[in-house]
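Okay, structure first, notes after.
Order of the sequence lines sets the chain letters (A, B, ...), proteins ahead of strands, with each chain counted from 1.
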Amino acid sequence: MSREKILAAVKANQFTSAELPDLNVLASLTATDANLVEKYTAIASAGGSFVYEVADLEAIKTILQKEFKPGVQVISGVAGLTDYTDAASVVHELSHSFANVELTILQSNLGVAENGALWLTEEQMHIRVLPFIAQHLAIVIDKNNFVPTMAQAYEKIGDARYGYGAFISGPSKTADIEQSLVIGAHGPRSLSVFIIT
Amino acid sequence: MSSAVTKDHAELAEIFNRDEPRVDWHDETLWWVRAKRDIAAQKLPEWELLRETASQIKNNVLSNLSEYLTQFEANAIKNGIIVHWAADAAEHNQIIHKLLSDRGIDRMVKSKSMLTEECHLNEYLIERGVDVIDSDLGERIVQLAGEPPSHIVLPCIHKKKEEIGDIFHEHLGSAKGESDPKILTETARQHLREVFLTRRSALTGVNFAVAETGEFVICTNEGNADMGAHLAEIHIASMGIEKIIPERKHLGVFLRLLTRSATGQPITTYSSHFSKPQAGKEIHIVIVDNGRSIQLGRKDFRNSLKCIRCGACMNTCPVYRKSGGHSYHTAVAGPIGSILAPNLDMKKYADLPFASTLCGSCSNVCPVKIDIHDQLYKWRQVIVQEGYSPKAKTLAMKGMAFTLSSPGLYRAAGKMGRFTFKYAPFAVNNGMNPWYKHREMPKAPEESFGEWYKKREGEKR
Amino acid sequence: MKVALFVPCYVDQFYPKAAIATLELLEKLGVEVHYPKNQTCCGQPMANSGYEHLTTGCNNLFIDNFSGYDYIVCPSGSCTLHIKEHLHSPQSEDKATEIRKRVYELTEFLVDILHVEHLEASFPHKVGLHQSCHGLRGLHIAQMSELVAPAFSKPAKLLDMVQGLQLVQLGRQDDCCGFGGTFCVAEEAVSSKMGKDRVDDHIEHGAEYITSADLSCLMHMEGILRRQNSNVKVIHVAEILNHSIQ
Ligand code: SF4
């Protein structure tokens with residue numbers, strides 16, 4: 001069987017041991033609590049995200065009302081944002097049925113200042129395809145939930161169990177045609193980030 | 001499979017260079033990507049430590065690979081993923097074809113996977129009646145053009161937007177003459193959305209597979225891997241055995257390096273961690289060797305398996321920039337391709353380690369610190385020793401070595417050589433001296449330094 | 001201090017002026033320089049072509065010529081690097097090891113060993129400095145653009161001491177010129193394109209001279225400049241540093 005053949009070949013050709021490096025130096029070099037929201041906002045905006053600092057969920061609704069026409073399909077996975085289709089109520093539907101969703105709103109509890117990425121697991125997405133298939137995506141995060149770099153992000157994630165998780169750092173994009181940046185490849189055409197202050 | 005290649009890198013590069021403005025354009029575009037990488041790296045004062053750390057993690061991986069592979073497999077199975085093992089490209093392709101045919105599936109959507117390029121999976125499946133559509137925009141473009149990708153991160157970097165416009169007009173019905181990247185991308189979006197919604201099977205590559213958790217990570221900007229995988233009934237992920245990393249926290253090192261090195265972005269738009277299949281759906285992983293375990297055993301070349309496929313070595317390589325990815329006639333082009341390919345077929349790829357000036361830029365941008373240019377030098381030695389070097393060159397080298405080992409012969413040859421250029425180190429083995437095509441010969445001086453020095457000694461006495 | 005001058009074969013044959021300037025400069029700086037007369041070549045042309053196994057004769061000859069010196073100084077980064085990395089001899093490996101430790105490219109010798117801080121030299125021209133790859137990334141005589149690390153340049157430091165000399169900024173500070181030993185003929189198309197582009201960068205930025213610590217690159221670029229009938233000239237860094245105040 002190939003499994004045994006491959007593992008035996010690998011084992012025969014492995015060289016003598018090399019220890020894993022200590023990651024603490026990197027983690028401590030990059031550890032900081034200073035201006036995380038500010039840094040996040042600068043980098044996420046440069047990556048094409050729209051970042052809003054808002055006082056509460058009400059403020060989000062007001063902004064969304066302005067940005068989206070009434071009547072379009074909006075799904076919310078954020079507790080408290082209940083004016084929209086509740087993501088939890090549609091988890092048993094076929095993923096394909098979300099093809100016409102205009103906006104998905106989801107919660108993240110972990111943001112990374114150095115690269116504008118927000119961590120969401122399946123739990124917060126409710127349905128894996130939701131943050132990808134919608135024409136637009138909005139993510140809500142508390143201002144205290146930011147870390148400086150990916151080193152601290154994975155410290156926070158720790159050994160959490162999830163079926164699926166993703167760092168999302170902006171709208172879907174491509175630069176495959178002559179390196180010119182185009183927003184809106186296959187996924188959402190925009191990412192709005194609401195930071196609750 | 002594509003037919004046997006008869007042209008080597010130098011010939012293909014010569015053809016590429018017949019259109020000089022195009023070479024300039026290709027070179028500038030890739031240099032710009034390199035410059036973006038520099039800016040991104042310079043923003044992190046800890047950059048060099050990050051590279052060193054990544055390299056050390058990979059050292060550890062290569063030292064314990066069989067254990068990590070078994071650990072990964074056990075954890076993936078625990079998570080409900082089905083694991084397959086493929087010794088070579090043929091087995092990889094068979095496994096995938098069987099997964100599809102067992103389920104009566106004859107259409108698949110694919111996101112970027114250089115491994116499937118290496119295995120020529122598309123051709124294999126298409127020959128067996130499976131419709132395969134690449135969903136990464138760049139890959140879709142080259143697929144429609146009937147070409148392989150010319151770059152591992154930027155598959156159609158060799159194509160101009162007007163050419164892409166023509167391809168889209170022909171295949172996707174965009175307006176004739178349309179070449180605006182925004183409009184062309186929108187055309188692809190509409191076309192591929194329909195594909196995502198109708199394919200029951202999706203294939204993706206794997207950027208990192210975590211032994212500790214059994215999860216694997218895929219990085220894209222477009223979101224095409226996720227669109228494909230989440231909508232399909234069966235998600236097949238192909239990975240080389242070297243994609244393993246020990247622990248989840250190590251992602252915190254590699255994800256900081258990968259995209260900064262690749263495009264200068266701080267991270268890709270999506271870094272997706274797949275751990276368990278969705279309810280009622282399947283995830284399969286095909287773990288592929290295809291020569292990697294042999295490379296692992298080559299002391300001088302095993303470090304090439306550290307590669308995280310960022311493409312930085314290509315963007316910085318002056319030879320790549322000025323010869324184009326297709327001149328390497330292998331799935332992975334550029335410096336890294338030139339040290340990987342001879343392991344697979346030393347005869348066919350004997351030219352690639354010589355397609356370099358050994359300038360060393362590649363090794364110094366590489367986020368996992370692969371000693372690429374030293375390996376190119378070492379491959380040259382192996383290729384010559386194994387007899388894959390032209391006989392005439394060997395004869396000439398022997399003659400040169402003989403001359404240069406003897407001061408007397410050297411002085412005599414030098415006298416003639418200055419006029420005939422015959423013994424200049426770079427002009428060896430060339431009756432029709434190619435130097436002269438674009439360059440003048442150095443002017444022969446009246447006397448060599450040795451002769452001058454002798455005279456001066458005489459005068460002093 | 002016993003110093004030997006290593007003049008690589010192509011410098012000996014084609015660019016004796018650079019070797020003479022190196023010798024004179026070192027003597028001006030008070031160094032007693034020996035020139036072992038039976039030297040030929042470092043063996044790099046064979047080794048880089050995959051024939052390192054044919055360099056035994058060259059290596060032994062090199063060891064015969066250069067053993068017993070405190071320093072071996074060479075006006076070529078590439079040849080210096082080859083000796084540093086590849087000089088071995090089964091018969092006299094300890095001698096080879098000594099030589100590998102003691103071989104220096106000229107500008108690094110001037111800066112690191114002689115600690116030159118001042119030069120009586122004048123060269124009132126606009127000069128482009130070509131960072132030769134082997135000197136740059138192999139010997140680290142300057143900082144390469146790839147790394148996140150403090151900038152420095154030993155040749156530039158020395159050129160800054162020359163009266164009237166103005167270094168021009170380049171578009172790409174350390175892209176390769178495309179010489180690459182046998183690469184320049186085996187990959188003629190790419191090699192000459194690389195050389196052309198390098199030369200253009202210097203010309204666009206107003207250089208009257210292109211200098212370098214490596215003559216192989218200069219030889220390549222000179223071939224291109226002369227084909228273009230350009231007024232821009234190449235000059236080895238030693239010739240500038242040795243250029244007396246008139
Ligand atoms: S060899 Fe290094 S630089 Fe090249 S693609 Fe691999 S990781 Fe990137």
Scan side-chain atoms only and decide if A:Gln14 and B:Ser66 contain a donor-acceptor pair under the 3.5 Å cut-off. yes
Residue part contacting chain A, namely of B:Thr263, when any heavy atom lies under 4.5 Å: neither
Does this structure show an ion pair linking B:Arg260 with A:Glu114, if we count only N-O contacts that are shorter than 4.0 Å? yes
Region of B:Asn224 in contact with chain A, defined by heavy-atom distances below 4.5 Å: both
Under a 3.5 Å threshold, yes or no: a donor from one side chain and an acceptor from the other, between A:Tyr162 and B:Glu215? yes
Ignoring hydrogens and angles, state whether a donor on the side chain of B:Arg292 or A:Asn13 is under 3.5 Å from an acceptor on the partner side chain. no
Gap between atom CZ of A:Arg3 and atom CG of B:Leu69 - 0.5 Å precision: 9.5 Å
At a heavy-atom distance under 4.5 Å, which candidate from B:His158, B:Glu73, B:Gln190, B:Gln295 has the highest pair count against chain A? B:Glu73
For a side-chain contact (heavy atoms from CB on, under 4.5 Å) with A:Ile6, tell me which candidate from B:Ile241, B:Asp88, B:Val288 qualifies. B:Ile241
Basic-acidic side-chain contact under 4.0 Å: A:Glu122, B:Lys276: no
Can you give each donor-acceptor pair under 3.5 Å made by side-chain atoms of residues 102-112 of chain A, sequence neighbours left out, with the distance rounded to 0.1 Å?
{"residue": "A:Thr104", "atom": "OG1", "partner": "A:Leu130", "partner atom": "O", "Å": "3.1"}
{"residue": "A:Gln107", "atom": "NE2", "partner": "A:Val140", "partner atom": "O", "Å": "3.4"}
{"residue": "A:Ser108", "atom": "OG", "partner": "A:Leu110", "partner atom": "N", "Å": "3.2"}
{"residue": "A:Ser108", "atom": "OG", "partner": "A:Leu110", "partner atom": "O", "Å": "3.1"}
{"residue": "A:Ser108", "atom": "OG", "partner": "A:Trp119", "partner atom": "O", "Å": "2.9"}

Apply the test side-chain contact (heavy atoms from CB on, under 4.5 Å) to residues A:His186 and B:Thr220: give CA-CA distance (whole Å), side-chain angles for both, the deciding distance (0.1 Å), then the verdict. CA-CA 11 Å; A:His186 304 300; B:Thr220 74; over 6 Å; no
